[in-house]
Protein chains: 2
Amino acid sequence: MADTIRVVVVDDHEMVRRGLISYLLTEPNIEVVGEASSGNKGVKVVKETKPDVVLMDLLMEDGNGIDATKDIMSFLPECKIIIITSYYDDEQVFPAIEAGAFSYLLKTARADEVITAIQKAVQGETVIEPKVANKMLNRLRPKEKMPHDDLTEREMEVLLCIAEGMTNQEISQELFIGIKTVKTHVSNILSKLNVQDRTQAAIYANRHGLVKSELK
Amino acid sequence: MADTIRVVVVDDHEMVRRGLISYLLTEPNIEVVGEASSGNKGVKVVKETKPDVVLMDLLMEDGNGIDATKDIMSFLPECKIIIITSYYDDEQVFPAIEAGAFSYLLKTARADEVITAIQKAVQGETVIEPKVANKMLNRLRPKEKMPHDDLTEREMEVLLCIAEGMTNQEISQELFIGIKTVKTHVSNILSKLNVQDRTQAAIYANRHGLVKSELK
DNA sequence: AAAAAAATCAGTCTCGAGACCGATTGGAAT
DNA sequence: ATTCCAATCGGTCTCGAGACTGATTTTTTT
């Protein structure tokens, strides 16, 4: 393991790249063989340089880190991709892991943390930021049952209509069913969501992010 | 103007500090005289070093950039504070300017942009990132009239109750008024918001962020 | 094959929502 | 002083919402 570790840095913030590279310059057995300012450019650079490790940001203008990670894994699966990002959303972490990311650090990481993450990566050891790990556990932990989990498919459709402010009449036309049926569904929805009326149901749906289209 | 410009860098991400400092090292007339990893530490460092320019992040763990900027301006008003942050929310920009920030850059800034911003700052020239400037103009520009701008104070109170799913009866008790009065208000609200019923009004209020408490 | 769940619809009944019309009071603007 | 408007309340009327009970059909699960 006396070989130098070849690293590519991908981040749209030049100052972050400079910072990371300055970290790595202090390590004699690490060599920065390329850098890129976007996911798409990153893929290209990796294709050319075939590095051992990639430091990858997630949020970028042209081609995000998730897609770039998938791309890279498809043609260079032995490459270890270390995500380095500002956020530790549940939303971000899992897609990154799925895409093939090997480790997950935050931008608050100090120089030594980044270095050890790289060295461990080439040895096949994953490093996950504790905060991020917590989020992951929360996600894997049987999440608390939400009232709307009990809703059937049809009931969910009706609820979404309610959440758009439609009347029973309008819903019946929208879903091609009788108004009586709509009323049955609505009653079931109200009791399942444990709310008193359609207005509260609409509020529930909107606040719990059940509604797709967010138009301001 | 042959004097060297004394600069302090405040950012909780060490890699960003390293990046910024690496930018400035290339300029002979700029000297980094201090750095800090939080707003509060930043204030302390500035107190000790009395720099000409401070590069300041906004979002930090211990003492945000806004408060730090205010502090610094109170005891070192001739100091030029340049905000360097990831976000360009309306929410962030204005408080920063009010606090006394002199220029406003994004973390996407290249080395030369940071350098010129610093040099212009000591000459009394402000630099505002175009994207940020746009946001500012949008804020200052007479914003488009929203339906709920027409609501009276009382009507807004009633609307918020509706947005919580309360019935007219409950609202009348909440606001200590007769149910008839509530109905009058509701009718006026519906017509002003241009919606058909209280459910749509509740949806409107929630989607337009009129409701304060966001409980998941 | 049998049982359970989901989706559909009918009838009836009560009550709250909201429209429409009108009225009084008090404060702010002109 | 007068006008305007916000806030308050009354009466009446209609209609949709939702509860409750019960039924049929289809799909899924066991």
Side-chain angles (χ1 to χ4, degrees), chain A residues 142-208 210-212, chain B residues 142-208 210-212:
Chain A
K143 35 178 192 181
E144 60 181 299
K145 199 177 151 223
M146 294 300 274
H148 62 259
D149 292 338
D150 289 337
L151 295 183
T152 67
E153 254 183 72
R154 201 55 159 168
E155 285 165 353
M156 183 58 77
E157 292 183 67
V158 173
L159 176 57
L160 292 185
C161 288
I162 293 174
E164 294 301 330
M166 297 168 72
T167 65
N168 289 341
Q169 180 63 50
E170 290 169 332
I171 296 172
S172 79
Q173 287 163 9
E174 174 78 18
L175 301 181
F176 306 107
I177 56 181
I179 195 171
K180 291 293 189 180
T181 308
V182 175
K183 285 193 173 196
T184 302
H185 288 315
V186 171
S187 280
N188 292 334
I189 291 169
L190 297 186
S191 95
K192 284 184 181 177
L193 294 188
N194 201 28
V195 296
Q196 274 66 53
D197 52 48
R198 75 200 290 95
T199 300
Q200 291 182 11
I203 295 167
Y204 179 101
N206 276 284
R207 293 201 180 161
H208 288 76
L210 304 182
V211 188
K212 308 280 172 285
Chain B
K143 26 176 199 185
E144 60 181 302
K145 198 176 152 221
M146 295 299 273
H148 62 260
D149 291 340
D150 289 336
L151 295 183
T152 68
E153 250 181 76
R154 201 54 160 169
E155 285 164 354
M156 183 57 77
E157 292 181 66
V158 174
L159 176 57
L160 292 185
C161 288
I162 293 174
E164 293 301 329
M166 296 167 72
T167 66
N168 289 341
Q169 180 64 48
E170 290 169 333
I171 296 174
S172 79
Q173 286 163 9
E174 173 78 16
L175 302 181
F176 306 107
I177 56 180
I179 197 172
K180 290 294 188 179
T181 308
V182 176
K183 284 194 172 194
T184 303
H185 287 316
V186 172
S187 280
N188 292 333
I189 291 168
L190 297 185
S191 95
K192 284 185 181 177
L193 295 188
N194 201 29
V195 296
Q196 273 65 52
D197 52 48
R198 74 198 291 99
T199 301
Q200 291 182 10
I203 296 167
Y204 179 100
N206 277 285
R207 293 200 181 162
H208 288 75
L210 304 183
V211 188
K212 308 280 173 283

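Lettering of chains follows the sequences in order, A, B, ..., and the numbering in each one begins at 1.
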Query raised in the report: Heavy atoms, side chains only, cut-off 4.5 Å: are C161(B) and E164(B) in contact?
Result: no
Requested in this report: Please state how far atom CD in E153(B) lies from atom C1' in dA28(C), giving the value in whole angstrom units.
Outcome: 14 Å
Query - Along DNA chain D (nearest heavy atom to each residue), the more 5'-positioned of R198(A) and K180(B) - result: K180(B)
Query - Spacing of Q169(A) atom CD relative to dC15(D) atom P, expressed in whole Å - result: 13 Å
Query raised in the report: Which whole-number value in Å describes the distance from I189(B) CD1 to dA17(C) P?
Result: 13 Å
Query raised in the report: Can you find a donor-acceptor pair, distance only, under 3.5 Å between T184(A) side chain and dC9(C) base?
Result: yes
**Report entry** Whether E155(A) side chain and L151(A) backbone form a donor-acceptor pair below 3.5 Å
**Finding:** no
Query raised in the report: Are any non-hydrogen side-chain atoms of E174(B) and L160(B) less than 4.5 angstrom apart?
Result: no
Query raised in the report: Has S187(B) got a side-chain N or O lying under 4.0 Å from the OP1 or OP2 atom of dA19(C)?
Result: yes
Query raised in the report: Side-chain N or O of H185(B) less than 4.0 angstrom from OP1 or OP2 on dA7(D)?
Result: no
Query raised in the report: What is the distance from CD of E155(B) to C1' of dC5(D), rounded to the nearest Å?
Result: 11 Å
Query raised in the report: What integer distance in Å separates E157(B):CD from dA6(D):P?
Result: 15 Å
Query raised in the report: What nucleotide among dA7(C), dA19(D), dG10(D) has an atom nearest to a side-chain atom of T152(A)?
Result: dA7(C)
Query - Interatomic distance, I179(B) CD1 vs dC15(C) C1' [rounded to whole Å] - result: 11 Å
Query raised in the report: Which whole-number value in Å describes the distance from N188(A) CG to dA7(C) P?
Result: 10 Å
Query raised in the report: T181(B) near the nucleic acid: base, sugar-phosphate alone, or nothing, with a heavy-atom cut-off under 4.0 Å?
Result: base
Requested in this report: Classify the nucleic acid contact of T167(B) as base, sugar-phosphate or nothing, counting any heavy atom under 4.0 Å across all strands shown.
Outcome: sugar-phosphate
Query raised in the report: Between E170(A) (side chain) and T167(A) (backbone), is there a donor-acceptor pair under 3.5 Å?
Result: yes
Query raised in the report: Quick one: is dA17(C) close enough that its OP1 or OP2 comes under 4.0 Å of any side-chain N or O from N168(B)?
Result: yes
**Report entry** Interatomic distance where CG belongs to D197(A) and C1' belongs to dA17(C) [whole Å]
**Finding:** 11 Å
Report task. Name the residue closer to the 5' end of DNA chain C, choosing between K183(A) and K192(A) according to the nucleotide with the nearest heavy atom. Result -> K192(A)
Query - Heavy-atom check, side chain of I189(A) versus side chain of K192(A), under 4.5 Å - result: no
